[in-house]
Amino acid sequence: MSKSKCPVCEKAPADPKFKPFCSKRCADVDLSRWLKGSYAIPGRPADQADETPSYKEERDE
């Protein structure tokens with residue numbers, strides 16, 4: 001059975017204490033990437049989102 005590798009450094013096997021990372025450092029690097037928006041899913045800006053009808057407009061139809 002092969003040990004899983006750290007998703008950040010891809011070198012060391014994952015430590016059960018920090019799973020799926022090999023160390024606290026790699027866990028902190030991943031958290032930093034999330035907080036900076038590096039893992040964001042691209043999409044349209046919020047001000048260009050499709051308009052949805054209000055609840056009252058839906059009931060009137």
Side-chain angles (χ1 to χ4, degrees):
M1 180 178 205
S2 66
K3 294 229 177 193
S4 61
K5 293 183 180 181
C6 175
V8 174
C9 69
E10 297 182 359
K11 294 180 182 176
D15 181 341
K17 185 176 177 181
F18 301 106
K19 196 169 187 172
F21 308 103
C22 66
S23 65
K24 179 167 177 16
R25 180 196 164 277
C26 284
D28 289 344
V29 167
D30 184 71
L31 177 60
S32 175
R33 289 176 183 171
W34 276 106
L35 295 175
K36 289 180 183 177
S38 298
Y39 294 139
I41 298 171
R44 289 186 289 176
D47 61 345
Q48 293 180 1
D50 297 334
E51 292 187 25
T52 56
S54 68
Y55 177 72
K56 184 178 179 186
E57 290 174 0
E58 289 177 358
R59 286 184 50 203
D60 292 340
E61 291 178 2

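Note: hydrogens, waters and symmetry copies are ignored here, and every other heavy atom, side chains too, is used.
Closest approach of Lys5 and Glu10 over heavy atoms only: CD-O, 3.5 Å. Heavy atoms only, all atoms of each residue included: Phe21 and Pro7 are closest at CE2-CG, 3.6 Å. Cys22 approaches Cys6 most closely through the heavy-atom pair N-SG, 3.6 Å.
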**Prompt:** What do the steps show when you test Tyr39 against Asp30 for side chain to side chain contact (heavy atoms under 4.5 Å, CB included), and what is the final call?
**Reply:** CA-CA 9 Å; Tyr39 294 139; Asp30 184 71; 2.9 Å; yes
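Leu31 CG to Lys36 NZ: the interatomic distance, rounded to the nearest 0.5 Å, is 10.5 Å. The SG atom of Cys26 lies 9.5 Å from the NZ atom of Lys11; values are rounded to the nearest 0.5 Å.
Heavy atoms of other residues, nucleotides or ligands lying less than 6.0 angstrom from CZ of Arg25 number 12 at most.
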